[in-house]
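Note that the structure is predicted; figures quoted are calculated from it, not measured.
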Amino acid sequence: RYDGTECTSRTSLKWLNEKNVELHYIASDKPQQNAFIAPFNGSLRDELRNEEWFDSFDDARRKLSLSRYDYYQVRQHSSQRNKAPDETRRKLEEIEGS
């Protein structure tokens, strides 16, 4: 299980540096900079990271993949009239003829 603030420990920062990952911080007074990912991160934290124990990185990857599939393909979203994103996309494609 992972506990603590993301990407602030020395170990995390060292690993990110070794992998040449560039960090972009969000200004504390600009929450709109994070508008697209914030709902997913909140769900991920509440429903996966705080609820699951990870036995290994492979186990974490598998559980994350299942959670992502559920979030984007299955789960209904109130912002989309209680339809799953995949269902909303199919309806739009039918309307637009693509």
Quiz prompt | Single-linkage hydrophobic cluster, 4.5 Å side-chain cutoff, Leu13 and Val21 together | solution = yes
Self-check item: Salt-bridge criterion met for Lys63 and Asp59 (N-O under 4.0 Å)
Solution: yes
Practice problem: Mind listing the closest non-hydrogen atom pair of Leu64 and Leu48 along with its distance? | Solution: CA-CD2, 3.8 Å
Quiz item: Roughly how far, to the nearest 0.5 Å, is the CZ atom of Phe54 from the CZ atom of Arg62?
Solution: 10.0 Å
Practice problem: Could you tell me the separation between the CD1 atom of Ile95 and the CZ atom of Arg90, rounded to the nearest 0.5 Å? | Solution: 13.0 Å
Quiz item: How many angstroms lie between CD in Glu22 and CG in Leu16, if you round to the nearest 0.5 Å?
Solution: 11.5 Å
